[in-house]
Amino acid sequence: MIQDMTRRGLLGAALAAPALLPAPARAQAYPSGTVALIIPFAPGGPTDAVGRMLAEAMSRDLGVNVVAENVTGGGGTIGVNRVAQSRPDGQMILLHNIGMATAATLYRSLPYNPLTSFETIGLVTPTPMVWITRPDFPGEGFADMLRFVRENRDRVNLANAGLGSASQLCGTLLQASLGVGVTAVQFRGSGPVFPELMGGRIDIYCDQTTSAIPFIQSRQVKPMAVTTAAPLAQVPGVPTAGQAGLPGFEISIWHGLYVARGTPRPIVDRINLAMRNALKDPRVVGRLNDLGSPPEPEERQTPEAHRAHLAAEIERWRPILQAAGQFAD
Ligand code: MLT
């Protein structure tokens, strides 16, 4: 009887109890096997380039495989949401760029909140952008490109990696600067853009140097201007947009790592340590410098500095994007 009562009592108690929350992962057990590094754009682009460098170096530091996984679509928001929905155990990490901030304005019904759905790990690298054109573009310089855009308007095919991507932001700023609208052609990342650009089906593109430089060096695309305050040694002979016709046209694409909100701080700190060690790895530093995108200074590699920067960038870009009026939903 007692046994029955006990059983019924235990069953009754279990049914009445609130659903058990997943046990918080124990930091000392981290990592518990393969770690996924989600790259929210297609292979072959700038985010993929940085992500695969980080994954390889962090694998060495963490002693497990950190596997880069491209989850594309929605200007990066599909991949971002995958991590927002993941277990808060550090086994799934997101690498994302400035789009983490701009999507907060561009998408009025995001399934996640860039600030409250994630723990920030740290800032990785600020990447310059460079305006490039198809190889048979009728002109040699940025002024020629600006004239082409002013004269051809929506007959100009401008690529981007979706609303919320860095390339889309750069394209939006160009159109706002010129007061001209062009035809925006969306891709799942820079990787798929290059065959269309080299094939002449895309006229112009604003890409990050981390994926554009190899195509510039092999003369498969024409560089027109960089978006930095001073010319880049890694893109020799190419002026800044400011020098070549658009004073003040400067944009740098910052990147950060994130995990799901609620990930225990010891796990956040362990991932941050692996990231910081990766950004000291001579192979990573050398490659990033070759591509014009050095690691962030150490004081910006902390979770707190990253969170403060993200919050500030959401506020910085909101009025600019609202004025441009290009919303995803
Ligand atoms: C990529 O392929 O990583 C995208 O082009 C990045 C972006 O435009 O935000």
Side-chain angles (χ1 to χ4, degrees), residues 37-55 68-83 93-107 110 114 123-133 157-175 182 184-198 202 204-216 220-221 223 226-227 251-258 287-288 291-293 309-310 313-314 317 320-321 324 326 328:
L37 178 62
I38 302 300
I39 297 168
F41 295 102
T47 316
D48 189 65
V50 174
R52 291 183 187 279
M53 277 188 249
L54 279 182
E69 183 181 340
N70 303 86
V71 179
T72 67
T77 58
I78 302 296
V80 173
N81 194 42
R82 171 76 66 84
V83 179
I93 304 170
L94 169 69
L95 170 67
H96 198 15
N97 63 27
I98 197 170
M100 196 70 163
T102 59
T105 299
L106 292 169
Y107 292 79
L110 274 176
L123 291 171
V124 176
T125 180
T127 308
M129 301 196 87
V130 55
W131 277 102
I132 51 181
T133 69
N157 287 331
L158 161 70
N160 67 49
L163 278 178
S165 65
S167 44
Q168 184 255 335
L169 178 61
C170 187
T172 296
L173 295 178
L174 178 79
Q175 294 173 82
V182 297
V185 183
Q186 294 195 3
F187 294 81
R188 288 177 173 266
S190 294
V193 172
F194 282 100
E196 301 305 301
L197 188 63
M198 293 186 290
I202 291 293
I204 61 175
Y205 185 47
C206 185
D207 193 25
Q208 296 170 62
T209 56
T210 34
S211 67
I213 281 181
F215 291 96
I216 293 170
Q220 291 175 289
V221 298
V226 293
T227 66
I251 180 171
S252 170
I253 308 305
W254 53 273
H255 295 73
L257 292 181
Y258 305 82
R287 186 66 181 143
L288 285 175
L291 296 172
S293 186
H309 185 68
L310 172 59
E313 285 284 280
I314 291 172
W317 291 107
I320 297 168
L321 294 170
Q326 290 178 359

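Counting convention: from 1, in listed order, for ligands and their atoms alike.
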Legend entry - Closest non-hydrogen atom pair between T72 and I78, with its separation: O-CB, 3.4 Å
Inset, instruction - Taking only heavy atoms of A161 into account, list the atoms of ligand 1 that are under 4.0 Å away from them. - result: 4 (C), 5 (O), 8 (O)
Inset, instruction - Run the numbers for me: atoms of ligand 1, each under 4.0 Å from some heavy atom of G189, listed by number. - result: 2 (O)
Legend entry - Under 4.0 Å to a heavy atom of S165 - the qualifying atoms of ligand 1, by number: 7 (C), 8 (O), 9 (O)
Inset, instruction - Note the single closest protein heavy atom to atom 2 (O) of ligand 1, along with its residue, its atom name and the distance in Å. - result: S190 N, 2.7 Å
Inset, instruction - With heavy atoms only and a cut-off of under 4.0 Å, state how Y205 meets ligand 1: side chain, backbone, both or neither. - result: side chain
Inset, instruction - Using atom types as modelled and distance alone, determine if a side-chain donor or acceptor of T227 lies under 3.5 Å from a backbone N or O of M129. - result: yes
Legend entry - Donor-acceptor under 3.5 Å (Y258 side chain, V83 main chain): no
Legend entry - Residue selection (non-hydrogen contact nearest atom 1 (C) of ligand 1) among A42, P46, P192: P46
Legend entry - Whether T125 side chain and S293 backbone form a donor-acceptor pair below 3.5 Å: yes
Legend entry - Proximity of N97 to ligand 1 by residue part, where a heavy atom lies under 4.0 Å: side chain
Legend entry - Heavy-atom gap G99 to ligand 1 smaller than 4.0 Å: no
Inset, instruction - Report, in ascending order of atom number, the atoms of ligand 1 lying under 4.0 Å from any heavy atom of T47. - result: 1 (C), 3 (O), 6 (C)
Inset, instruction - Without swapping roles, check the side chain of N70 against the backbone of F41 for a donor-acceptor pair under 3.5 Å. - result: yes
Legend entry - T172-Q326 side chain donor-acceptor pair, cut-off 3.5 Å: yes
Inset, instruction - Look at atom 7 (C) of ligand 1 and say which protein heavy atom is nearest, naming residue and atom and giving the distance to 0.1 Å. - result: A166 N, 3.4 Å
Legend entry - Other residues, nucleotides, ligands: >12 heavy atoms within 6.0 Å of R82 CZ: no
Inset, instruction - Report the nearest protein non-hydrogen atom to atom 8 (O) of ligand 1: residue, atom name, distance rounded to 0.1 Å. - result: S167 OG, 2.7 Å
Legend entry - Proximal ligand 1 atoms for G45, defined as those under 4.0 Å from one of its heavy atoms: 2 (O)
Inset, instruction - May I ask whether Q208 places a heavy atom under 4.0 Å from ligand 1? - result: yes
Inset, instruction - Provide the closest heavy-atom pair for R52 versus I39 in the form atom of the first, atom of the second, distance. - result: N-CD1, 4.4 Å
Inset, instruction - Determine yes or no for a side-chain-to-main-chain donor-acceptor pair under 3.5 angstrom, with S167 supplying the side chain and A161 the backbone. - result: yes
